[in-house]
Every structure is written in C-alpha cells, then in structure tokens.
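The next block holds one structure in the form of structure tokens; read it before the comments.
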Amino acid sequence: MVPIEHAIALSGLLFTIGLAGALARRNLIVILMSIELMLNAVNLALVAFSRLHGGLEGHVFVLMVIVVAAAEVAVGLGIVISLFRNRETVDVEDVSLLRW
Amino acid sequence: MSPEIHLGAVGPTLLVGVGAMLVLVAEVMLSGRESFLGRRVTGAWLGSMLAVISSFFLILALIVAWQTFVVGSAQVFNPSHPMVRLDRLASFSIALIALGSLLSCWLSVGYLAELRINHGEYYALLLLATSGMMLLVSATDLIMIFLGIEIMSIPIYVLAGFDRRKLRSNESALKYFLVGSFASALLLYGMALLYGATGHTDLAGIATGFDVSNPLAAMGLGLVLVGFTFKISSVPFHQWTPDVYEGAPTSVTAYMSVTVKVAAFAALLRLLVEAFGDAPPALGTILTVLAALTLVVGNFVAVVQDNVKRMLAYSSIAHAGYLLIGFVAATPEAYSAVLFYLLAYVFMNLGAFGVIVALAHRGQDTDRIDDFAGLASSRPGLAALMTLFMVALAGIPGTGGFVAKFLVFKAAVNEGVIGLTILGVLTSVVSVYYYLRLPVAMYMREPGGEVPRREIASGEGIVLAVCAVVVLVLGLFPNNAPIFLFSWIRALDWTRDSVAMLF
C-alpha cells in the first residue's frame, strides 16, 4: 500500500506546478489547463485523505469537484472564444483595455 | 434505510432554481411565436415578461425565507448528515439576497433593451447565481460551501461578459473567470487540507478536530481565507474588482457588487463562528492586517479614479474593509453590526449603480465623472438621488450608511479594537472626498456639451425610489420607526436575532 505521505506530496507537487503555470504562462488555454491541474491535485489529496480517515466524504467531494470543473471549463472556453472572435488573440498580455 | 429529508431547508434555493429553468423554457417558447395571448411578441415585451417570471419566483423565495426567519426554528435538510441548515442567519441573508436580485432584475429590463443585449438567458443566469448564493449562506459543510460558491460564480462569469460584442465586457468576463477559478482552486485545496487534518467536512466536526499546531490544518485555514478574500475582494486579492466592475454591463455590476458581497460575508461569518470559533489569536491578527490594508488601499486609490464605476469598485473594496472590522471584533454585537452594514450596503450601492444604469444612453454607459457635470440642471431628480446615495456611502448622519458604520465601530470599540477603529474613521473622512466629487460635478460645474437623455424605465424608477426610501429609513429610524408605514421595520432586532442562534 502506498503511504499517505507519498500521495500528499504528489498532490502538493501537482498543485504547485498548476499554480506556477496559472501565474506565469501567457496563453489562455495553458492557464485553463493549469487551473484544471490544480483542481485535479485537490482531487488526489481528497481521495488520499478519504482513505486515511476511512470516510466517504472525500469521495463525494471529488465527484462534486469533477462536475464543477467540467462546468467551469465549459464556461471558460466559451469566454475565451467570445474574446477570440473580437480580438483574434489568446494571449493575456493583449487583454489590457481596463487598467488603472 | 432512506434518510429523513426536509425539503423546506432548501426551499428558497429550489424555488429560484426552478424559476431559472422556467425562464429558459419560456424564452424558447415565446421567442419563436408571432403573438401570445393577443399581444405581438417583441423583444422588449419578452424581456419584461421574463423579468416578471423571475420576480415572481424571487418574491416567493423572499416570502419563504421571511416566514422561516419569523418562525425562527432552524430546518436541517438531512438531520442524519447535516449539510444545509436554514437558520435565522441563513434566512436573513437569503431574504436580503432575494431582495437584491429582485431589484437588480427590475433594473435590468430597460438597460438591456438600451444596450441591445436583451437575451432571455440573462434572467435565467441571474436566478441561477442567486440560487447558488442561497445555498452558500445556508451551507454548514465544506462540500456545500464549495458547491454554493461555484453555482454563484459560474453564471456571474457569463453575466460579466454578457455584452459579448464589446471588448470591455469580454475582458471583464475573462479576468473574473481567471481570478475566480484560480481562487476556487486555492479555496478547494484549503478545504482538502482541512479535511485531511480533521477528518471532517462539516463545520461542527472541523471545530472539534481543528488544532492550529498541525501544519496541515493551519495551511488549510490560510488557503480557505485566501479563497474568501478573493470573493469579498479584500486586499491583497482585490485587483480584479475594478476591472470587472468597470467592464461588465452596469446592471450586472450592480447585481454582483451587492449580492455576492452579502453571500460571501454571510458564509465567511458562519465559517469563522462555527468552525473556527475558538481559533488561535493569529487569526485575529491576520484579519486585522487584512482590514487595515483593505481600508487604506480601497479608500486612497478610489480618490484618483475618473470613472464612476471604477470609483464605486474601489469604494466596495473599502466597504469590505469596514465589514472586516466587525470580524476582528468577533462578538455577537459585531456580527449583527456586520449584517446591518450589509443590509444598508445593498440599498446604497444598488441605488448608486441604478443611477448610472438610468443614465445609459444610445447603447453607451455615461460613467465618467465628467459626464456628470451639470447633471443637476438637466436631470435634477437623478442628481438628487445620486447625491443621497453618495452621502449614504460616505456615512454621513441621517442615512443608513452612517448607522451601519457607527454600529460596527461601536462594537469594535467595546471589544477593545481601538487602532483599527481609528483607522476606519480616518479613512471614511478620506472617502467623503471622493464620494462628494460627484455631487460637486453635478451641482457646481457646467454641462460639458450636449447632455444625452433617455426616459427612465419604470423598473429603474421603482428601484431608485425603494433604495432611497430604505436608505433614509435605515438612517433615521433603524428600529421602530414612528411613521405608521415603516413601523414594522426593526432592522436592529432582525440582525441581532440572526446571529443570536450561532452563539
């Protein structure tokens, strides 16, 4: 059996990769993928903790997260497409009309 | 064994959700027809019709929530595994959210037609977001809190980009989406860590298992707080607010600036009281720093804004700071002051955005401060109302904004939070400067050129009148008004009763 620490370490690593990607990358599609990676890191942690505690809450939580992530990415891609129709770009640097 | 289910606990949420589905169906059924019940189906008529359907369900939810509040006993959705509890805090917040959504709904009818974005999905999305907020404020389990936040946020991402031919609206939606989903991921990781550290996802279980010396638990609490500071737009996670508020259609800005704030603050209140009620003093320090930074940044950056929507966005950041003072004090008195503040804030802010909505003309917002020059001569009524709302937001005596600030400061001083209260008073002096720039422009400057005007839609008129009356009543008689018509308004008692059940 895989020790819980390994699963948590992997989840922390995945989350950090996703975090770095979401903050550092400029391509909108890549940012969306990075956010997905963060959510999946959460799923991994939840499943591992659920196994540690022997309860079902973690599994239920994971199902909720998967459904919500699907809805979120659908809306996100829709927003990116509507921006692309007006601007022909998927680079966040080009999206800077609103600045203080 | 089938569990015992009380549907009443999610009554308002269900009503509003069903309303959203019906609005979608009605839009499809009606928009394909030439005429309905002898009336020709036009875009404007369809818009009003859908607004009427939405209002019906929102009013039903409002009545149900109010009845629950009056009766006062908490209803739990599934007592063997409590995840949703409709207690007085939840029903008060739900009533407030329903009221805010109802007013935003009426505000939208004329505005959407003016901007030529009169699509039926608007009302469905508005109702869906509202049902998410209602779930959020009655959630007593991390899973439901997450679900509520997402059902609230996802429709609002779409609403922010609703004017999809305009680049500004696209950009607003994109920024809100990126920041919002990033924040949800952080919040979620915090929830996972809290679950790992305590073995529970319900707030009561977390309270028993929470131990701050466990690094997992401390990190989880920190990440959950970060997620919430994004939603309440407190410094240092506030940068999205001005961009999103400025770019989104004004009726959407009005809606999200008030209802999201109520929902997020009510959920944060429940989370902090029920799960972290006897949390370490470090939590108080963090909240103090957040509140101080939010007050300073919100109020000082608002001073240099030229766009009214942007100025109001920074003002909403500043108001989050005043609300956080109540969380630092963390007594029942302070929390009821927070609820009173939210109550007053809903009407002040909806009114202020309502005036901008009413001034929109030929598909454009007139939202620069220069556009307001000389408005007092061309639109005296709107200028007077805008002045009232600005004065209320600044917290000048006689308005709801003053009573709200006074209650929060009083609760903070009683609890010995002196430094933060002094900072709050000083920054509200700064806020008077930027709030009064608009009345100065309206009453003391000459109009800059051709003043555009449009007849005020009836919905906008009603919303502005309601907001103005409530702001004044809350300011002059927060409890037991001597005027017959308003004598049932006992806002102080309501807010006190709402939090009484939590302690």
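Hydrogens, waters and symmetry mates are skipped; everything else that's a heavy atom, side chains included, is used. Order of the sequence lines sets the chain letters (A, B, ...), proteins ahead of strands, with each chain counted from 1.
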Rounded at 0.5 Å granularity, tell me how far [atom1] in [X] sits from [atom2] in [Y].
X         : Y         : atom1 : atom2 : result
Leu159(B) : Phe162(B) : CG    : CZ    : 7.0 Å
Leu14(A)  : Ser34(A)  : CG    : OG    : 11.5 Å
Glu171(B) : Asn86(A)  : CD    : CG    : 11.0 Å

Quiz item: Is there a donor-acceptor pair closer than 3.5 Å between any side-chain N or O of Ser172(B) and the backbone N or O of Arg168(B)?
Solution: no
Quiz prompt | Any donor-acceptor pair under 3.5 Å from Ser50(A) side chain to Leu56(A) backbone | solution = no
Exercise. May I ask you to name which of Ala71(A), Gly58(A), Gly55(A) has the most heavy-atom pairs under 4.5 Å with chain B?
Key: Gly58(A)
Self-check item: Contact leader toward chain B among Leu39(A), Val68(A), Val75(A), Leu46(A), where contacts are heavy-atom pairs under 4.5 Å
Solution: Val68(A)
Where on [X] is there a heavy atom nearer than 4.5 Å to chain A: the side chain, the backbone, both, or neither?
X         : value
Leu147(B) : side chain
Tyr157(B) : both
Phe177(B) : side chain

Exercise. Taking the six-membered ring for Trp and the full ring for Phe, Tyr or His, determine whether the centres of Tyr195(B) and Phe61(A) are under 6.0 Å apart.
Key: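 No; Phe61(A) has its ring centre 6.0 Å or more from that of Tyr195(B).
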Is chain B contacted by the side chain of [X], its backbone, both, or neither, given a heavy-atom distance below 4.5 Å?
X        : answer
Phe15(A) : side chain
Ala22(A) : side chain
Val65(A) : both
Ile4(A)  : neither

Quiz prompt | Heavy-atom pairs under 4.5 Å with chain A, option from Ser181(B), Gly161(B), Ser184(B) with the top count | solution = Ser181(B)
